[in-house]
2 protein chains.
Amino acid sequence: MNISRASDYAIRGLVYMAKQPAGTVCFVKDIAKNTNSPASFMSKIFQTLAKSGIVNSFTGTKGGFTFNTQPENITIKTVIEIIDGPILLNRCAVNKSACNEIGICDVHYMWTDIRKILINALNSYSIADFATDKKNKMEVLSGVMQ
Amino acid sequence: MNISRASDYAIRGLVYMAKQPAGTVCFVKDIAKNTNSPASFMSKIFQTLAKSGIVNSFTGTKGGFTFNTQPENITIKTVIEIIDGPILLNRCAVNKSACNEIGICDVHYMWTDIRKILINALNSYSIADFATDKKNKMEVLSGVMQ
DNA sequence: TCTGAATAAGATATGAATTATCTTTATTAT
DNA sequence: ATAATAAAGATAATTCATATCTTATTCAGA
Ligand code: SF4
Ligand code: SF4
């Protein structure tokens, strides 16, 4: 039921990037430091993000990462899918051959239903939502905070 | 993000039980056979369900399991929590000491929000929903099925 | 042009959790 | 007694999450 640590790090790493001036080339070292995450692990994570195309990577001295997609257009669902793979609560959700009960299973439908709800929720937040001042964000996201 | 196999088995095992006449004492052997699940594993799972109190266990010949809570009142959330533990998408959701970013973390609020949505969805289905004829169930749950 | 530092990319290792299975014990009906 | 059942505990196999280590790439400066 948990998302992985890797996804948590990825999201917060991208939020850190989104807080920098647009176009800034960010080093893994700095991203890791500012998110209290292991640099070596974060490096791996950003490799995966780069492969997916949502960030650019530049090797060598002065290398690093920049956004290739606007933070507004990167949803939490997108990030989790890149890092953890397809979002699913039960194996039958996406892969028909993952379970041979499909067709006779009473509860299969429920999982597709709940999965839709979850995906919708994860899609309703973008990286950009967290890049602005925290107080403002809270007010925007929750409507009213006391 | 996945629920465990154990929870999947538990849910389908309980649905099988709910299909039997009320009060029937069910053997793990039969529950496992009718759900295509490993009997030894299912035995372990029902031990846990019994400990939680939602089913009764009877040892000895003609022993087995019966409901201790009406299937209508056993939601999917209940079952998953018994088997997999508290429902959470990220470690910060329930345990404040699980992450030392809490307090400074930009995205913490999001996880509490999405968690609520997920829990609500899991609570909207009960074991009894799947114990009746499949076609009827589909119609009830989805409103209109084509 | 060389050398070295900074960086990402790729390969490997560790550890924990999941998914079972096996064995023994306790209980009960016949 | 015997057979049938679950409970309990130990252990094994597998998979996955997590993290580190090694290699390749790029660039700046001598
Ligand atoms: S819910 Fe049904 S179809 Fe889905 S994995 Fe479980 S048994 Fe298979
Ligand atoms: S979202 Fe923030 S508070 Fe929650 S686990 Fe991740 S870093 Fe910690």
Side-chain angles (χ1 to χ4, degrees), chain A residues 1-13 17 24-33 35-66 68 80 82-91 98-99, chain B residues 1-13 17 24-33 35-68 80 82-86 88-91 98-99:
Chain A
M1 198 64 84
N2 275 255
I3 64 157
S4 68
R5 283 278 83 200
S7 281
D8 183 273
Y9 293 152
I11 291 166
R12 293 189 299 117
M17 275 183 67
T24 304
V25 178
C26 299
F27 310 141
V28 163
K29 192 174 61 175
D30 293 333
I31 297 170
K33 188 185 294 178
T35 54
N36 293 315
S37 52
S40 52
F41 195 15
M42 193 59 110
S43 168
K44 195 84 170 98
I45 290 165
F46 267 77
Q47 272 179 45
T48 307
L49 294 175
K51 265 188 199 155
S52 80
I54 70 166
V55 298
N56 302 305
S57 73
F58 304 98
T59 61
T61 311
K62 302 279 174 74
F65 296 89
T66 61
N68 195 32
I80 293 176
I82 291 167
I83 303 295
D84 288 349
I87 287 167
L88 48 96
L89 291 168
N90 208 341
R91 56 179 60 182
C99 177
Chain B
M1 196 63 85
N2 276 255
I3 64 155
S4 68
R5 283 279 82 201
S7 282
D8 182 273
Y9 292 152
I11 290 166
R12 294 189 298 116
M17 277 183 67
T24 304
V25 178
C26 299
F27 310 141
V28 163
K29 194 174 60 176
D30 294 333
I31 296 170
K33 188 185 294 175
T35 54
N36 293 315
S37 52
S40 52
F41 195 18
M42 194 57 110
S43 168
K44 230 24 192 166
I45 290 165
F46 266 78
Q47 274 180 42
T48 307
L49 294 176
K51 263 187 203 157
S52 80
I54 69 165
V55 298
N56 301 304
S57 72
F58 304 99
T59 61
T61 310
K62 301 281 175 71
F65 296 89
T66 62
F67 280 110
N68 195 31
I80 293 176
I82 292 167
I83 304 294
D84 288 348
L88 48 97
L89 290 170
N90 208 341
R91 58 180 58 183
C99 177

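For clarity, every value in this text was computed on a predicted model and none was experimentally measured. Sequence lines set the chain letters: A, B, ... in the order given, protein chains first and strands last, and positions in each chain run from 1.
Between A:Y9 and D:dA19, a side-chain N or O to OP1/OP2 separation shorter than 4.0 Å is present.
Residues satisfying the ring-ring contact (aromatic ring centres under 6.0 Å, His included) criterion with B:F41, sequence neighbours excluded, are B:Y9. The salt bridge (charged side-chain N to carboxylate O under 4.0 Å, His left out) check on A:R5 picks up A:D8, with sequence neighbours excluded. Among residues two or more places apart in sequence or in another chain, the side chain to side chain contact (heavy atoms under 4.5 Å, CB included) test is passed with A:A98 by A:R91, A:N95. Taking A:D84 as the reference, A:S4, A:S7 meet the side chain to side chain donor-acceptor pair (under 3.5 Å) condition, with sequence neighbours excluded. Applying the side chain to side chain donor-acceptor pair (under 3.5 Å) test to A:N2 and every residue at least two apart in sequence or in another chain returns nothing.
Counting only residues at least two apart or on different chains, the ring-ring contact (aromatic ring centres under 6.0 Å, His included) pairs with a member in residues 48-67 of chain B are B:F46-B:F65. Among residues at least two apart or in separate chains, side-chain hydrogen bond (donor to acceptor under 3.5 Å, both in side chains) pairs with a member in residues 43-68 of chain B are B:N56-B:T66.
A heavy-atom distance below 4.5 Å is not found between the side chains of B:I31 and B:R12.
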What does the B/S/- profile of nucleotides 6-17 of chain D look like, 5' to 3', with a 4.0 Å heavy-atom cutoff to protein?
SBBB--------
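Put simply, CD1 on A:I83 is 12 Å from P on D:dT18, counting in whole angstrom units. Across the protein-nucleic acid pair, B:R91 atom CZ and D:dT18 atom C1' stand 10 Å apart, rounded to whole Å. For the pair A:M42 CE and C:dT7 C1', the interatomic distance rounds to 16 Å; values are reported in whole Å.
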Nucleotide N/O of nucleotides 3-5 of chain C paired with protein N/O under 3.5 Å:
none

